[in-house]
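Atoms within a ligand are numbered from 1 in the order they appear, just like the ligands themselves. All values below come from the heavy atoms of this structure, side chains included, with hydrogens, waters and symmetry mates left out.
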Amino acid sequence: MRILSITLFVISEILVLARCKKILGIYSHPGKSHQVLGEVILKKLAERGHNITMVSAYPLKTPVENYKDVFLDGFLEDINADGSIYLEMEKHDLQNFMGTYELIRRFTNKTFAHPAMQSLIKSGDKFDLIVMDWFCKDAELFYGNIFEAPIILTSSFGTQNELNYLINNPEPYSYVPASGFAYTDEMGFLDRLGNTLAVLFVEAFLFRNEIQQQMILDRYFDNAPRIWELRRNIDLIFTNAHPTFETPRPYLPNIIPIGGVHVQEPQLLPLNIQEFLDSAQNGAVYFSLGSHMKTSELPEDILYNIVRAFSKVQQKVLLKWEKDEKPKLPLNVMVGKWMPQNSILAHPNVKVFITHGGLMSKIEAIHYATPMIGIPVFGDQKTNVIHSVQEGIAVQLSLSELSEKALVSAINEIINNSSYSRNIQKKSNLLRDQPMVPIDTAIYWAEFVMRHNGSKHLQNKSMRLNKFQNLLLDVALTLIGVLVLIVFIFRKVFVFALKLPISATVIRTRTRKIKLKEN
Ligand SMILES: *[C@@H]1O[C@H](CO)[C@@H](O)[C@H](O)[C@H]1NC(C)=O
Ligand SMILES: *[C@@H]1O[C@H](CO)[C@@H](O)[C@H](O)[C@H]1NC(C)=O
Ligand SMILES: *[C@@H]1O[C@H](CO)[C@@H](O)[C@H](O)[C@H]1NC(C)=O
Ligand SMILES: *[C@@H]1O[C@H](CO)[C@@H](O)[C@H](O)[C@H]1NC(C)=O
Ligand SMILES: *[C@@H]1O[C@H](CO)[C@@H](O)[C@H](O)[C@H]1NC(C)=O
Ligand SMILES: *[C@@H]1O[C@H](CO)[C@@H](O)[C@H](O)[C@H]1NC(C)=O
């Protein structure tokens, strides 16, 4: 009996070991919104017994079983070194664009060079799956070769041109708005003209980026593959999308929408915040510009306007404030270094969310049906906010021209005009009504890829062809060539036949024609 139970125990242990796989997470861009997506999915995979190794600039604060961090130290300090670059990016769209690609190039290079990454590469460790952030860092697809594993990319900013370009996902310019621009999916002629030019502009940047990425890869590895070959390493894409915040568009079967995956169940709030919000009889406003744009580092005149505006409203205000020393604040304002945003938005008294419009924040706002005042700064924030305004779930303000009056009237507008909360409540209902909660969708597909050693069968096979072949220009040229040849041959035969005296019929018709003309 004892032997039997021991044997059963050993067998079940072996089965568990066989089920548990080694998974590598690579989140080398030190942006919190990128990290969050990967962390949520990998933590859940760890919970299911898989062995997780996570390369990132954000090691876990409280350790989790089966989850080991490889810390890219220095990255956060680097990206946060100069907050003023964001203010510059806010003012100039082109600078925003250029700045983003410069960041991408810099951090791809830094990651390959980082000692922690170098030692992981040299360790010869192999994995069953790589879950990796997608931020136009094509060179990182080479990790698939190094660690001999299938790749799932997570796209924190949804299904944009950058992603479509990568895996040949169709993107009709007539109704899929260009990423980073203000177009929607309902475009008149001028919009469609502008949108087409915008996508071509984005693709020109992507082409330039690809050359830079190849240079970085060639710098660190001899005989590295070409980027266009590496794209075939991609098994699946988890896109941070859902029809409530991304307009309907084509998705290849290897694109799995998991928008809303990062929204957590609300936790107990810290007591002081809980009491503050509970007592907000006229409602509360929550202010946060995200993890990169620090409220406490805003220019003084803007900060002054914000605080003055708060003193003029009847709501209580929760303000994310990153420094120890506080400015003089009106009584209805409470500041905190760390704000559990998810649980704050879940509080029924929070009526307005003043946000930079980052996609993660927008999704949380939709989930908890909290209308927004969008103050976009950089990246895709402007587009997100413009779309929210069009959908009637937000009011937009400009950071560099933020006046006390504009902020007060925006807050009053959202409090007094119930259409904002009605519209966002509808979206919230749609987002929460899915056949499978997004995290379960993600886990199913991650384990699917591991069960089948990849899912390359879902790829668009046109990725094996170049642009010339994809547009069938080679076929068209061949057909034209054949046609020209046939015409040429017929002509030759015809001319030759004319010269033959035995061909009486031909001569007869010829003479008849000539006679006709003489008439
Ligand atoms: C998990 O993977 C890491 C990295 O390959 C390895 O060092 C560790 O021993 C593994 N842990 C288990 C429990 O298999
Ligand atoms: C990559 O970083 C190294 C220094 O670590 C630098 O010398 C090199 O120019 C960088 N390359 C690119 C393409 O940025
Ligand atoms: C595959 O890619 C080609 C070329 O980019 C595109 O025309 C086609 O629509 C894509 N196929 C599917 C099924 O999306
Ligand atoms: C909006 O409501 C506030 C009180 O919340 C009030 O002071 C203000 O006059 C209202 N504005 C409009 C336009 O109704
Ligand atoms: C409320 O806001 C909506 C959307 O901005 C607008 O169309 C509507 O006219 C507003 N209603 C009032 C009473 O101001
Ligand atoms: C996946 O690869 C492993 C090891 O190479 C092999 O044992 C297994 O049969 C493969 N599974 C499938 C479905 O191809």
With the threshold set at under 4.0 angstrom, would you say R105 reaches ligand 2 through any of its heavy atoms?
yes
Identity and separation of the nearest protein heavy atom to atom 2 (O) of ligand 3
N460 ND2, 2.3 Å
Taking side chain to side chain contact (heavy atoms under 4.5 Å, CB included) as the criterion, tell me which of D235, I152, I234 meets it with S455.
D235
Using a strict cut-off of 4.0 Å, indicate which atoms of ligand 3 neighbour a heavy atom of P170.
9 (O), 14 (O)
Compute the shortest N/O to N/O distance between N470 and ligand 3 and return yes if it is under 3.5 Å, no if not.
no
Going by a strict under-4.0 Å cutoff (protein heavy atoms only), does atom 7 (O) of ligand 3 have a neighbour on the protein?
no
Mode of N168 contact toward ligand 3 - side chain, backbone, both, neither (heavy atoms, under 4.0 Å):
both
Given the protein's heavy atoms, is any one of them under 4.0 Å from atom 13 (C) of ligand 5?
no
Nearest atoms (heavy-atom pairs only) where N254 meets Q459
ND2-CA, 3.7 Å
Identity and distance of the protein heavy atom lying nearest atom 4 (C) of ligand 5
S419 OG, 3.8 Å
When you measure from atom 10 (C) of ligand 2 to every protein heavy atom, which one gives the shortest distance, and what is it?
N109 ND2, 2.4 Å
For atom 9 (O) of ligand 2, the protein heavy atom that lies nearest, with its residue and separation:
R219 NH1, 4.2 Å
Atom 5 (O) of ligand 5: the protein heavy-atom neighbour that sits closest, reported with distance to 0.1 Å
Y420 OH, 3.2 Å
Numbering the atoms of ligand 3 from 1, which are under 4.0 Å from a heavy atom of L252?
12 (C), 13 (C), 14 (O)
Numbered in order shown, the ligand 2 atoms found under 4.0 Å of a heavy atom of I216 are 13 (C)
Give the residue, atom name and distance (to 0.1 Å) of the protein heavy atom nearest atom 1 (C) of ligand 5.
N417 ND2, 1.4 Å
